[in-house]
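The structure appears below as structure tokens.
One-based numbering, in listed order, for ligands and for the atoms of each. Owing to the predicted nature of the structure, the values given are computational and were not obtained by experimental measurement. Residue numbers run from 1 in the order of the sequence given.
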Amino acid sequence: MAFRVLGVCGSARAQSYSSRAAALALEAARGHGAETRLLELGELRLPTYNPDEGFAQHEGLRAATDAVNWADAFLLASPDYHGSMSGALKNFLDFYWEEFAGKLFGYVCASHEKGLTVMDQMRTAVRQCYGWSLPYGVSVHGEQDFAAAGRVTNDQLARRLRMLGRDLVVYGSLLRGQFAADLSDAAAETFAARYRA
Ligand SMILES: Cc1cc2nc3c(=O)[nH]c(=O)nc-3n(C[C@H](O)[C@H](O)[C@H](O)COP(=O)(O)O)c2cc1C
């Protein structure tokens, strides 16, 4: 079965730079044999998370949960809003927890200031859910890195996005494979033991 990478885009802008960058990284992941999907949170319009509510009837949330359960690895893409990830992306993350354990995450941020604090926040939320993170993220400066028609004009950025797509598949497969093996090995002392059925 092909390795499955889910992109999650936290900008509601129609021509979002973070979303375009994520799409390029996912294209590279497909080039390395992965299946990919892209969730545009601006289209799904998830309800604001409330632990007291199940939201069972919410179509967008059902679609998001199906995609999360489908995924072997994730690519989170956010605009930089006040040095933070977008509220839409944080709200998406709040709905899940154990679903992220043992899976690899990569990060893209559209920012005028490299978005390091944004990617640190995404990384912290993922770590809290026992997910793994790639040791780098990719920052895009929309107005400088993209032409008006949407094409990337910065070759170094294009290379980094291809690297991100490749690394998510290659390192993600290794981690997922080991996590699955640890789940089924009752004797192994590992953090995966907590997730055994
Ligand atoms: C509410 C708001 C807050 C922002 N805060 C920052 C910021 O703190 N630092 C920054 O570099 N850019 C900031 N920006 C600019 C966006 O990060 C930038 O336009 C980015 O390209 C948007 O991503 P998108 O194209 O994926 O929607 C802000 C934009 C908005 C609308």
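One finds the CG atom of L161 at 9.0 Å from the CG atom of L75 (value rounded to the nearest 0.5 Å).
Ranking the protein heavy atoms by distance from atom 18 (C) of ligand 1 puts H112 NE2, 3.9 Å first. The nearest protein atom to atom 4 (C) of ligand 1, hydrogens excluded, is given as D80 O, 3.3 Å; this is a heavy-atom distance. The protein heavy-atom contact nearest to atom 27 (O) of ligand 1 is S11 OG, 2.6 Å. Residue, atom and distance of the protein heavy atom nearest to atom 26 (O) of ligand 1 are S18 OG, 2.5 Å. Protein heavy atom closest to atom 20 (C) of ligand 1, with residue, atom name and distance, is A110 O, 3.6 Å. What sits closest to atom 22 (C) of ligand 1 on the protein, heavy atoms only, is P79 CB, 3.6 Å. From the protein, the heavy atom lying nearest to atom 10 (C) of ligand 1 is E113 OE1, 3.2 Å.
Ligand 1 has no nitrogen or oxygen under 3.5 angstrom from a nitrogen or oxygen of Y81. Every N/O-N/O distance between G142 and ligand 1 stays at or above 3.5 Å. Of the polar atoms of S111, at least one N or O is found under 3.5 Å from an N or O of ligand 1, judged by distance alone.
Counting only residues at least two apart or on different chains, the salt bridge (Lys or Arg N to Asp or Glu O under 4.0 Å) pairs with a member in residues 70-84 are R4-D72, D72-R176.
Within a 6.0 Å radius of OH in Y49, other residues, nucleotides and ligands contribute more than 12 heavy atoms.
The backbone N or O of S86 lies less than 3.5 Å from a partner atom in the side chain of S78, making a donor-acceptor pair. Looking at R160, its side chain does come within 3.5 Å of a backbone N or O of G137 through a donor-acceptor pair.
With F105 as reference, F100 is the one residue of F100, Y136, Y96, W132 to meet the ring pair (Phe, Tyr, Trp, His ring centres under 6.0 Å) rule.
Both F146 and L38 belong to a single network of hydrophobic side chains, linked directly or stepwise wherever heavy atoms of I, L, V, M, F, W or Y lie under 4.5 Å apart.
Looking at R13 against ligand 1, only its side chain comes within 4.0 Å, counting heavy atoms.
In this structure, F191 and F179 have tilted ring planes: the angle between them lies in the 30° to 60° band.
Set against the non-hydrogen atoms of H82, the atoms of ligand 1 under 4.0 Å away are 1 (C), 3 (C), 4 (C), 5 (N), 6 (C), 7 (C), 8 (O).
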